[in-house]
2 protein chains.
Amino acid sequence: MENKLHQARSRFIAEWGALGSAWGINRSMASIHARLLVAPDPMTADELMDDLELSRGNTSTNLRELVAWGLVRQVAVKGERRQFFLAEKEPWRIFVTIVRERLRRELDPALETLEDVAAMSEGLEGREAEEFHRVVTGMAGFIRTVRGLARRLVGSESSTLAGLARVLS
Amino acid sequence: MENKLHQARSRFIAEWGALGSAWGINRSMASIHARLLVAPDPMTADELMDDLELSRGNTSTNLRELVAWGLVRQVAVKGERRQFFLAEKEPWRIFVTIVRERLRRELDPALETLEDVAAMSEGLEGREAEEFHRVVTGMAGFIRTVRGLARRLVGSESSTLAGLARVLS
DNA sequence: CCGTACTTTCGGGATAAACTGAAAGTATGG
DNA sequence: CCATACTTTCAGTTTATCCCGAAAGTACGG
């Protein structure tokens, strides 16, 4: 019985790690996140370290990252000196957090550069320059629209999924 | 003038590469894609190679990948022996292609495993096992819903962005 | 404040991914 | 069917990233 749980948990952690890798999240961070997700109670860095066979340093660094992302928070347990970590478990909130952070960290700077570049190429002459300007401007506009939609989508705390489902059907 | 174009183009290519990296696409592939995006005419592997200072092998491999993704296609130019490559330039179509491919390559397998793991932990007893089952099941359900929505979103060839905008406002 | 329990930092090593360049492969025009 | 122009493959190298573990740092309880 215990064994079945361990087996399922390992697969879950491995799969979460793989998904993370495909999206630019490192394996340790994804593993720690996965482990915390399925823990009924907050865990300490030491427990995670032993469970996932990661080094102390690695565990510490990635826990900090997860806290910075807002996916995990530190909780104080009365009468305990060490820190405990607790993951957000509600899928919609996890999703919203990730989308928000990625918009902020990656899309916003990219969009700024793109609009910069579009402006730089304004009014240049020649086939190449004209096509460049046309494409970059179009791309920037599209991304700006997507960002706006994404922001509204993740703007509300409660799930907009049901609403979306209605529209797209 | 020529110079301004070059400068803007370099920045665009670099930015596209950075964006790609953050999303698990390698830099060469993203650079080639960016270069083709802003080209008024189809380009050959050699032109790309010189322009981006990549090796022949790297260029060839990543062009093939881009074709496999459906973001670039080969076109025949009359009276020319070598192959020319042309990128899809419409932002909405690019977006749809990428979303479709990533759903298929990453989300689908992940969801399958997740549902597997959820089934494995069905009926196990104990706090840990019960929480595990609860969380994994919830997660799988959520992802299934998201996938369904995404599929519908990218199901139509023409942009659904306008429709979305209406709903989310 | 001192000792101890806990956490973070960081230089160096390991690993994996990306990239190169040359050789092998393919196909087309003459 | 040969020569040549072009493309792909692949073994080896480089590069970037991740990860380890020890040492330094921090703060709490007594």
Side-chain angles (χ1 to χ4, degrees), chain A residues 13-14 16-36 41-69 72-86 105-106, chain B residues 13-36 41-69 72-86 102 105-106:
Chain A
I13 290 169
W16 208 248
L19 243 185
S21 296
W23 294 83
I25 306 286
N26 79 50
R27 197 164 300 269
S28 302
M29 186 170 152
S31 301
I32 294 172
H33 186 226
R35 184 62 189 82
L36 284 172
D41 304 298
M43 295 177 74
T44 64
D46 267 33
E47 288 175 303
L48 288 164
M49 201 185 115
D50 292 346
D51 222 73
L52 303 170
E53 298 181 58
L54 299 174
S55 75
R56 196 169 288 286
N58 194 11
T59 308
S60 166
T61 303
N62 285 297
L63 273 170
R64 204 144 30 79
E65 264 296 284
L66 283 165
V67 171
W69 273 76
V72 165
R73 66 203 164 84
Q74 294 171 308
V75 296
V77 171
K78 262 217 297 211
E80 275 282 4
R81 186 150 161 185
R82 55 218 163 131
Q83 297 181 83
F84 285 74
F85 296 89
L86 180 66
R105 293 172 190 220
E106 292 145 22
Chain B
I13 290 168
E15 190 60 34
W16 208 248
L19 243 185
S21 297
W23 294 83
I25 306 286
N26 80 51
R27 195 165 301 268
S28 302
M29 185 170 152
S31 300
I32 294 172
H33 185 224
R35 184 63 189 84
L36 284 173
D41 303 300
M43 295 177 71
T44 64
D46 266 32
E47 287 174 304
L48 288 163
M49 198 185 117
D50 292 345
D51 220 73
L52 303 170
E53 298 182 57
L54 299 174
S55 73
R56 195 169 289 285
N58 196 12
T59 307
S60 166
T61 303
N62 284 297
L63 273 171
R64 205 147 25 83
E65 265 297 283
L66 283 166
V67 171
W69 272 76
V72 165
R73 67 205 164 83
Q74 294 171 306
V75 296
V77 171
K78 264 216 297 212
E80 275 282 3
R81 187 151 157 185
R82 49 211 170 139
Q83 297 180 82
F84 286 74
F85 296 90
L86 180 66
R102 299 204 75 158
R105 293 172 191 221
E106 292 144 22

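Keep in mind that the numbers below use all heavy atoms, side chains included, and drop hydrogens, waters and symmetry copies. First the proteins, then the strands, lettered A, B, ... as listed; each starts at 1.
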Asks: Roughly, in whole Å, what's the span from CG in B:L54 to C1' in D:dT14?
Replies: 15 Å
Asks: With a 4.0 Å cut-off on heavy atoms, is A:S28 in touch with a base, just the backbone sugar-phosphate, or nothing at all?
Replies: sugar-phosphate
Asks: Kindly assign one of parallel, tilted or perpendicular to the pair B:H33 and B:W16, based on the angle between their ring planes and the thresholds 30° and 60°.
Replies: tilted
Asks: Between A:Q83 and C:dT7, is there a contact of a side-chain N or O with OP1 or OP2 at under 4.0 Å?
Replies: yes
Asks: Which residue lies toward the 5' end of DNA chain D, A:E53 or B:T61, if each is placed at its nearest nucleotide?
Replies: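 By nearest-heavy-atom nucleotide position, the 5'-most residue is B:T61.
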Asks: Round to the nearest Å and state the distance from A:R56 atom CZ to D:dG25 atom C1'.
Replies: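 One finds 14 Å between C1' of D:dG25 and CZ of A:R56, rounded.
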Asks: In whole Å, what is the span from the CG atom of A:N62 to the P atom of D:dC20?
Replies: 10 Å
Asks: Whole-Å distance between C:dT9 C1' and A:L63 CG?
Replies: 15 Å
Asks: Measure the distance from CD1 on B:I25 to P on D:dA16 and round it to the nearest whole Å.
Replies: 19 Å
Asks: More than 12 heavy atoms of other residues, nucleotides or ligands under 6.0 Å from CZ of B:R73: yes or no?
Replies: no
Asks: Do the side-chain N or O atoms of B:R64 get closer than 4.0 angstrom to the phosphate oxygens (OP1, OP2) of D:dT9?
Replies: yes
Asks: Between P on C:dA5 and CD on A:E47, what's the gap in Å once rounded to a whole number?
Replies: 17 Å
Asks: With side chain to side chain contact (heavy atoms under 4.5 Å, CB included) as the test, pick out the partner of A:P42 among A:L86, A:V72, A:L36.
Replies: A:L86
Asks: Please determine, for the side chain of A:N58, which listed nucleotide (C:dT8, D:dT7, D:dC20) has the closest atom?
Replies: D:dC20
Asks: Partners of B:R82 by salt bridge (Lys or Arg N to Asp or Glu O under 4.0 Å), sequence neighbours excluded?
Replies: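 Testing B:R82 for salt bridge (Lys or Arg N to Asp or Glu O under 4.0 Å), a comparison that skips the adjacent residues, returns B:E80.
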Asks: Check step by step if side-chain contact (heavy atoms from CB on, under 4.5 Å) holds for B:L52 and B:I32.
Replies: CA-CA 8 Å; B:L52 303 170; B:I32 294 172; 3.8 Å; yes
Asks: Tell me the interatomic distance from A:D46, atom CG, to C:dT7, atom P, rounded to whole angstroms.
Replies: 7 Å
Asks: Using a distance-only criterion (donor-acceptor N/O pair, under 3.5 Å, no hydrogens), is the base of D:dC6 paired with the side chain of B:R81?
Replies: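 By the distance-only test, no, there is no pair.
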Asks: Please give, in whole Å, the distance from C:dA17 C1' to B:E65 CD?
Replies: 13 Å
Asks: On DNA chain C, nearest-nucleotide positions of A:G57 versus A:R82: which is more 5'?
Replies: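 The 5'-side residue here is A:R82.
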